[in-house]
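Since the structure comes first, as structure tokens, the remarks are kept for the end.
Residue numbers begin at 1 in each chain, while the letters A, B, ... track the order of the sequences.
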Amino acid sequence: MCGRYVLAGDNSALSALGSEFGADLDPALGEHQFRPNYNVAPSSNVPVVTASAGGRVLAQVRWGIVPKWSKNSSTLLINARGESVAEKVTFARSFATRRILIPASGYYEWKRPAKDPYFISPPIGDSRIMPMAGLIADSVIDGQPVHTCAIITLAAAPNLEPIHDRMPACINSKNWDAWLDPSIDVQAALDLLVARTDLQAIPVGRAVNSVRNNSPVLIEELRAAD
DNA sequence: CCAGACGTTGTT
DNA sequence: GTCTGG
DNA sequence: CCAGACGTTGTT
DNA sequence: GTCTGG
């Protein structure tokens with residue numbers, strides 16, 4: 001699954017990324033500054049690329065959908081299974097019309113049973129960004145309407161399976177346009193979900209466990225003693 | 001008809 | 001709210 | 001996802 | 001054990 005990830009880019013990097021996606025910064029963000037985040041956790045606000053009337057926008061939404069039927073806000077849907085996302089009542093409408101890309105440099109996984117943490121990312125030299133497939137929903141949190149998102153997951157690629165059996169779905173860059181287009185067929189959108197086979201996993205230190213820790217050190221490969 | 005799930009992951 | 005299970 | 005609180009009254 | 005916070 002994907003319950004913690006990394007977005008190393010700062011404001012300028014994300015602006016550059018924005019142009020890569022053909023996206024402008026959401027005017028609603030004002031002078032908002034994006035900072036590199038080596039420990040992105042559920043319930044935090046994350047940058048996402050969405051389609052908008054005028055083209056595409058790099059906006060900020062809260063990670064974790066709180067379903068409308070949920071009385072408290074403790075039900076956080078941070079992932080949606082690609083195998084069923086188009087059918088589940090909770091996700092179907094969002095999947096059909098509100099697909100997004102969630103920029104990431106890589107993500108963390110905790111290998112059971114010891115919960116050894118790993119950082120999983122594109123190979124060195126490859127594009128430093130790995131946009132994950134996601135969707136947006138409208139939630140109500142503390143009585144306020146909030147845009148929230150979830151990351152779509154698939155069965156893990158064979159090389160990652162020893163660590164965990166799920167992984168975030170990605171979209172080939174040539175298909176970003178189609179993915180973000182709310183008018184394409186649901187089946188066509190499903191067909192764009194990819195379980196990348198070229199990601200690399202490296203063991204990292206347990207410092208990543210605590211979200212209070214947030215620095216590039218977290219994604220350095222663990223050597224010798226833990 | 002009403003009750004209870006509705007989501008994911010991991011664990012039992 | 002809406003669907004499924006009993 | 002994991003970490004850390006989870007409780008009250010009164011005192012500093 | 002379970003909930004909240006990050």
Side-chain angles (χ1 to χ4, degrees), chain A residues 1-7 34-47 60-96 98-100 102 104-121 130 132-146 148-157 160-169 190 193 195 199 201-215 217-219 222 226:
Chain A
M1 84 168 315
C2 183
R4 208 78 79 78
Y5 70 92
V6 173
L7 181 55
F34 290 106
R35 308 182 61 75
N37 191 339
Y38 295 89
N39 214 337
V40 183
S43 80
S44 59
N45 291 318
V46 299
Q60 208 174 211
V61 302
R62 194 178 195 267
W63 179 19
I65 294 172
V66 180
K68 281 192 284 293
W69 42 262
S70 175
K71 284 302 176 188
N72 54 40
S73 46
S74 64
T75 308
L76 258 202
L77 309 180
I78 65 172
N79 295 143
R81 293 175 65 89
E83 297 89 338
S84 57
V85 66
E87 298 150 19
K88 298 284 183 183
V89 179
T90 306
F91 297 131
R93 186 177 297 272
S94 289
F95 182 79
R98 306 178 76 184
R99 295 180 300 274
I100 58 172
I102 304 173
S105 308
Y107 66 102
Y108 296 111
E109 205 70 84
W110 282 262
K111 180 178 181 176
R112 304 272 163 172
K115 294 209 281 191
D116 298 315
Y118 288 78
F119 178 60
I120 300 169
S121 65
M130 185 193 89
M132 302 181 290
L135 49 79
I136 288 188
D138 295 318
S139 297
V140 175
I141 297 172
D142 296 332
Q144 302 298 314
V146 185
T148 53
C149 70
I151 296 168
I152 298 173
T153 63
L154 293 172
L160 299 176
E161 197 150 14
I163 296 173
H164 193 71
D165 64 350
R166 306 292 298 172
M167 73 183 293
L190 285 173
L193 296 172
L199 300 182
I202 59 169
V204 296
R206 293 186 189 280
V208 70
N209 289 12
S210 173
V211 296
R212 289 178 307 180
N213 297 321
N214 196 320
S215 88
V217 173
L218 296 181
I219 60 174
L222 184 69
D226 186 5

With rounding to the closest Å, how many angstrom separate the [atom1] atoms on [N] and [M]?
N      : M      : atom1 : value
D/dA5  : B/dA5  : C1'   : 29 Å
E/dT4  : D/dT8  : P     : 15 Å
D/dG10 : E/dT2  : P     : 33 Å
B/dG7  : E/dG6  : P     : 29 Å
D/dA3  : B/dT11 : P     : 14 Å

Give the nucleotide from the list [options] with an atom nearest to the side chain of [X].
X        : options              : value
A/Arg4   : D/dC1, B/dG7, B/dT11 : D/dC1
A/Thr153 : B/dT9, B/dC6, D/dC2  : B/dT9
A/Ser210 : B/dT9, B/dG7, D/dA3  : D/dA3
A/Trp69  : D/dC1, B/dC6, B/dG7  : B/dC6
A/Asn209 : D/dG4, B/dG7, D/dC2  : D/dC2
A/Trp110 : B/dC6, D/dA3, D/dC1  : D/dC1

Look only at the side chain of [X] and the backbone of [Y], and say whether a donor-acceptor pair between them is shorter than 3.5 Å.
X        : Y        : result
A/Ser121 : A/Gly106 : no
A/Asn39  : A/Val208 : yes
A/Ser70  : A/Pro67  : no
A/Asn213 : A/Ala207 : yes

Remember a base hit wins even if backbone is also touched, and classify [X] as base, sugar-phosphate or nothing at under 4.0 Å, heavy atoms.
X        : value
A/Asp165 : sugar-phosphate
A/Phe91  : sugar-phosphate
A/Pro42  : base
A/Ser43  : base

Could you give the [atom1]-to-[atom2] distance, from [X] to [N], as a whole number of Å?
X        : N     : atom1 : atom2 : value
A/Trp63  : D/dC2 : CH2   : P     : 11 Å
A/Ile65  : C/dG1 : CD1   : C1'   : 16 Å
A/Glu109 : B/dT8 : CD    : P     : 16 Å
A/Arg212 : D/dA3 : CZ    : P     : 10 Å
A/Met167 : B/dT9 : CE    : P     : 13 Å
A/Ile151 : B/dT9 : CD1   : P     : 11 Å
A/Lys111 : D/dC1 : NZ    : C1'   : 18 Å
A/Leu154 : B/dT8 : CG    : P     : 12 Å

Hey, does the side chain of [X] come within less than 4.0 Å of [N]'s phosphate (OP1/OP2), counting only N and O?
X        : N     : answer
A/Lys88  : B/dG7 : yes
A/Arg81  : B/dT9 : yes
A/Thr90  : B/dA5 : no
A/Arg166 : B/dT9 : yes

Validation row: [X], [Y] side chains within 4.5 angstrom (heavy atoms):
X        : Y        : value
A/Arg81  : A/Phe91  : no
A/Met130 : A/Leu199 : yes
A/Ile65  : A/Leu135 : yes

Just to be sure I follow the notation: if a pair is Watson-Crick (purine N1 to pyrimidine N3 plus N6-O4 or O6-N4) or a G-U wobble (N1-O2 and O6-N3), each under 3.5 Å, what dot-bracket string does DNA chain C give, with | for pairs to another strand? ||||||

Below 4.0 angstrom, N of the basic side chain to O of the carboxylate: do A/Arg98 and A/Asp138 qualify?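 Salt bridge flag = yes for A/Asp138 with A/Arg98.
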
Quick check with a 6.0 Å cut-off and a 45 degree axis cone: is A/Arg99 positioned over the face of A/Phe95's six-membered ring?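 Here A/Arg99 passes the 6.0 Å and 45° test against A/Phe95.
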
Please write out the pairs of protein N or O atoms and N or O atoms of nucleotides 2-6 of chain C separated by less than 3.5 Å, giving the distance to one decimal.
none

Taking ring-ring contact (aromatic ring centres under 6.0 Å, His included) as the test, write out the residues that go with A/Trp63, two or more places apart.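 If we apply the ring-ring contact (aromatic ring centres under 6.0 Å, His included) test to A/Trp63, skipping adjacent residues, the hits are A/Tyr5.
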
Looking only at non-hydrogen atoms, find the nearest pair between A/Ile102 and A/Ile151 and report the distance.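 In this case the closest contact between A/Ile102 and A/Ile151 is CD1-CG1, 3.6 Å.
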
